[in-house]
Amino acid sequence: MRKPFVAGNWKMNTDTHTSVNLARRVASDSSELVGHNITVAVFPPFVYLHSVAQAVSASNIAVGAQDVYFEPKGAFTGEISASMLKDIGCIYTLCGHSERRHVIGETDELINKKVAASISGGLLPILCVGELLSERDASKTEEVVTRQLKNGLAGLSTEKVSAVTIAYEPVWAIGTGRTATSQQAQEVHDIVRKLLAEMYDSELAEETRILYGGSVTPGNSAELMSQPDVDGLLVGGASLNADDFLAIIRSAA
Ligand code: PEP
C-alpha cells in the first residue's frame, strides 16, 4: 500500500520570515493527517532550509532540498553536499527538476550522480522526469520518460532504488496553469511503473511512489489523485499559499 505523498517545491521564493511562517502553518494545520495518512515535505531555498527544518522539527513534516551536489566535499564553490543537507535535518532531495534540466542545463548523467549521492548520503531523492511540449506533440513522451528514468537510475541496485520517489512532471504543465488531464498523468505513471518492474522487479514497482507535478491546485488535486498510479503530487506555485497547499494535502490524504 503506497502512502500518498504531497511535496511543496518553493523554488526561488520566500524569505526568512515567510518561509518559517509558511512551514509552521502547514505543520500545525495538517498535524492530524501527516505521518499516518500521508507524507508531506517542503522544499525551501537552500538558505532557509535550516530555519525551516528547525521550525517543523517537532512535527511530521519533512524538509527537502531542491538540489544537491554529488561530491561529498572539497573545492566545489557554491555547491552543497548530501552530508551537509543531512546535517541540517533534510530528508529528501529533488533531482532533475525540469528547471534544472532545461534552465540550468543538467544532463541525465549529472542527475544520476545526484540521485546516487543522495542515497549514499542517507537522503531520499525524488527523481523528476517529463517531456517538453514539442516532445509530446511528436509522440515522444514514452521515449523521453524512459530515457530519463533509465539514465537517472543507472547503476543503482534494487535496494538503492527503493529509496527513490519518481515525479512525472510534463514540462509544458509546470508553472503554466495548464495541467495534464488525469488520464494523461495516469498513462505516463503506468508507463513508469511498468518500466520499474522491467528494470527491477514487480515488488519494487508496486512500492515506488510516483508523484504528478504541473500546475496542481486545490481544484484539480482530487481528480489527479483518483488515478490508480498517481500516488502523490509535487506542487510548485500552490505550495506557497498555506490554504491552497493544505487543501491539496487534505484532498490527497
Ligand atoms: C514544480 O515546481 O515542480 C511544479 C510542478 O510547479 P507548478 O505547480 O507551479 O507547476
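Every number for a ligand or one of its atoms is a count from 1 in the order of the listing.
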K.L.:
Pick one of side chain, backbone, both or neither for how Asn9 approaches ligand 1, counting any non-hydrogen atom pair under 4.0 Å.
P.N.:
side chain
K.L.:
Quick check: Gly236 and ligand 1, any N/O pair under 3.5 Å apart?
P.N.:
yes
K.L.:
Of all the heavy-atom pairs spanning Ala173 and Ala180, show the shortest one and how long it is.
P.N.:
CB-N, 4.2 Å
K.L.:
Tell me, yes or no, whether the heavy-atom count around Lys194 atom NZ, taken from other residues, nucleotides or ligands under 6.0 Å, exceeds 12.
P.N.:
no
K.L.:
Measuring only between side-chain heavy atoms, which start at C-beta, is Val145 closer than 4.5 Å to Val188?
P.N.:
yes
K.L.:
For ligand 1, which atoms sit closer than 4.0 Å to a heavy atom of His97?
P.N.:
1 (C), 2 (O), 3 (O)
K.L.:
With a cut-off of 4.0 Å, which atoms of ligand 1 are near a heavy atom of Gly175?
P.N.:
7 (P), 9 (O), 10 (O)
K.L.:
For ligand 1, which atoms have a heavy atom of Ser215 less than 4.0 angstrom away?
P.N.:
7 (P), 8 (O), 10 (O)
K.L.:
For residues 22-29, which side-chain N or O atoms pair as donor and acceptor with protein atoms under 3.5 Å away, sequence neighbours left out?
P.N.:
from: Arg25; atom 1: NE; to: Asp29; atom 2: OD2; distance (Å): 2.8
from: Arg25; atom 1: NH1; to: Asp243; atom 2: OD1; distance (Å): 3.3
from: Arg25; atom 1: NH2; to: Asp29; atom 2: OD2; distance (Å): 3.3
from: Arg25; atom 1: NH2; to: Asp243; atom 2: OD1; distance (Å): 2.8
from: Ser28; atom 1: OG; to: Arg24; atom 2: O; distance (Å): 3.3
from: Ser28; atom 1: OG; to: Arg25; atom 2: O; distance (Å): 3.2

K.L.:
Are any of the side-chain nitrogens in Arg2 or Glu207 under 4.0 Å away from the carboxylate oxygens of its partner?
P.N.:
no
K.L.:
Residue-level breakdown please: for Ala173 versus ligand 1, do any non-hydrogen atoms fall below 4.0 Å on the side chain, on the backbone, on both, or on neither?
P.N.:
backbone
K.L.:
When only distance counts, is Gly237 in polar contact with ligand 1, meaning an N/O pair under 3.5 Å?
P.N.:
yes
K.L.:
For ligand 1, which is the ligand I care about here, please tell me if Thr176 has any N or O atom under 3.5 Å from one of the ligand's N or O atoms.
P.N.:
no
K.L.:
Would you find a donor on one side and an acceptor on the other, under 3.5 Å apart, between the side chain of Glu135 and the backbone of Leu132?
P.N.:
yes
K.L.:
Which class fits the ring pair His189 and Tyr168: parallel under 30°, tilted 30 to 60°, perpendicular over 60°?
P.N.:
perpendicular
K.L.:
Could you find the nearest protein heavy atom to atom 2 (O) of ligand 1 and give me its residue, atom name and distance?
P.N.:
Lys11 CE, 2.7 Å
K.L.:
Is the shortest distance from a heavy atom of Ala238 to ligand 1 less than 4.0 Å?
P.N.:
no
K.L.:
Any salt bridge linking Arg101 with Glu106? Criterion: basic side-chain nitrogen under 4.0 Å from a carboxylate oxygen.
P.N.:
no
K.L.:
Look at Asp231 together with Arg193 and state whether they make a salt bridge at an N to O cut-off of under 4.0 Å.
P.N.:
yes
K.L.:
At less than 4.0 angstrom from any non-hydrogen atom of Gly213, what atoms of ligand 1 do you find?
P.N.:
5 (C)
K.L.:
Please could you name the atoms of ligand 1 that Gly214 approaches to less than 4.0 Å, counting only its heavy atoms?
P.N.:
5 (C), 10 (O)
K.L.:
Look only at interatomic distance and state if Glu99 has a nitrogen or oxygen under 3.5 Å from any nitrogen or oxygen of ligand 1.
P.N.:
no
K.L.:
Has the side chain of Glu131 got a donor or acceptor atom that lies under 3.5 Å from a matching backbone atom of Val144?
P.N.:
no
K.L.:
For Val235 and ligand 1, does the shortest N/O to N/O distance drop below 3.5 Å?
P.N.:
no
K.L.:
Which residue holds the protein heavy atom closest to atom 5 (C) of ligand 1, what is that atom called, and what is the gap in Å?
P.N.:
Glu169 OE2, 3.0 Å
